[in-house]
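Counting convention: from 1, in listed order, for ligands and their atoms alike.
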Amino acid sequence: VAPPNTLAPRVSPTANPALTTINPPTHKRTPKDFIFGKAIGEGSFSTVYLAKDIHTGKEYAIKVCDKRHIIKEKKTEYVKREKEVLNMLAGAKHSFVRLFCTFQDMERLYFVLSYAKNGELLPYINKVGSFDIECTKFYSAEILRALEYLHGLGIIHRDLKPENILLDEKMHVLITDFGSAKILKDPEASVTTHPATDDSQQQQQQQQQQQQQQPYRRERRGSFVGTAQYVSPELLTDKTSRASDLWALGCIIYQMVAGLPPFRSRSEYMIFQKILKLEYEIPDGFCELARSLVSQLLVLDPTQRLGAQDEHGAGYPSIRAHPFFEGVDFETLHEQTPPPIY
Ligand code: ADE
């Protein structure tokens, strides 16, 4: 997505956030309220730019979506879903990127999001090869807390991966990219099913809508939407539950410890084959407690994953209680100084 052609006046920012707290902007924002900087993220129909509010000097990440492209690729539901989820998360005090406002012009939609100064988790894992146990514990715990909150609201992320886990200026986790998310109509119901196994007309209609939103559905040209490496087996066989995110958590914990995701292959098809056969290896020297936790999250039957039987809305006490997390104070994670990554 091309940067917006703003001929914004290069006004020097007043840089007084206190004033905007007292006098919040009452007018609908436009691209001219921001100075757009470098691209910091790229999606299939969107680009994220670093941008500065000309009135306050505050930095934001603005996701700019190309309307024509979204309509052409039939992705309007994804974009609506993302906005809906971000609005549902507006009350969260931490763990998620915040949506400050949205606006549009003729060609584009704009999502003004919090700027995660330290970018994605992925390059940190790649840079150091793998995290030590302190780091793995801390970041796994922060991701788990975020999932507890998300699932408590009946939201399943469905594309959790180290690229969607951002780090703020203090190196705390901010989860992003809710374009593949699912909002459970009945949060108590644990599983949603694909039309193949439902047959009432009403359900079929509902499911047809859902099918467009399924991130890992095969597209017409045979490519897949989403990210193969973290896909749970039930996403490949058309059932989604909260446990799908717990599978991805297992993959991410494995990756922090081992340096690479558990299911790797040259083609997506072969990755999927490995996932469906639970074909992964624990390398020598892999922390024993981490191995135990990962092996209880990477379970083919979603109902048998650690946490899957925990009461809805009560967090994941059974995951918190795993010995891997011994000594972690989950309640104060966001106030703690994260362990340094090296
Ligand atoms: N890349 C994508 N979204 C981002 C954000 N909110 N902050 C920093 N980098 C990003």
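- Heavy-atom separations between G119 and ligand 1 are all 4.0 Å or longer.
- Distances below 4.0 Å separate heavy atoms of A61 from the following atoms of ligand 1: 5 (C), 6 (N), 7 (N).
- Looking only at heavy atoms of the protein, atom 1 (N) of ligand 1 is closest to I40 O, 3.4 Å.
- Y110 pairs in a ring-ring contact (aromatic ring centres under 6.0 Å, His included) with only one of the listed residues (F103, Y49, F34), which is F103.
- Here D245 pairs with H151 under the side-chain hydrogen bond (donor to acceptor under 3.5 Å, both in side chains) rule; sequence neighbours left out.
- By the rule that hydrophobic residues join a cluster once side-chain heavy atoms approach within less than 4.5 Å of another member, I175 and V97 end up as members of one cluster.
- Ring pair H94/H334 is parallel by interplanar angle, where below 30° counts as parallel and above 60° as perpendicular.
- Only the side chain of V48 comes within 4.0 Å of ligand 1, judged by heavy-atom distances.
- Salt bridge annotation for E142-R145: absent, with no cationic side-chain nitrogen under 4.0 angstrom from a carboxylate oxygen.
- Taking the six-membered ring where the residue is Trp, F263 and W247 present parallel rings, their angle staying beneath 30° rather than reaching 60°.
- From the protein, the heavy atom lying nearest to atom 6 (N) of ligand 1 is S114 O, 2.9 Å.
- Not a single heavy atom of T176 sits less than 4.0 Å from an atom of ligand 1.
- When heavy-atom distances to ligand 1 are checked against a 4.0 Å cut-off, A116 comes that close through both its backbone and its side chain.
- Note on K75 versus E82: no salt bridge recorded, every NZ/NE/NH1/NH2 to OD/OE distance being 4.0 Å or above.
- When the heavy atoms of V97, D168, L166, T47 are ranked by distance to atom 4 (C) of ligand 1, first place goes to L166.
- Residue Y115 has at least one heavy-atom neighbour below 4.0 Å for each of these atoms of ligand 1: 7 (N), 8 (C).
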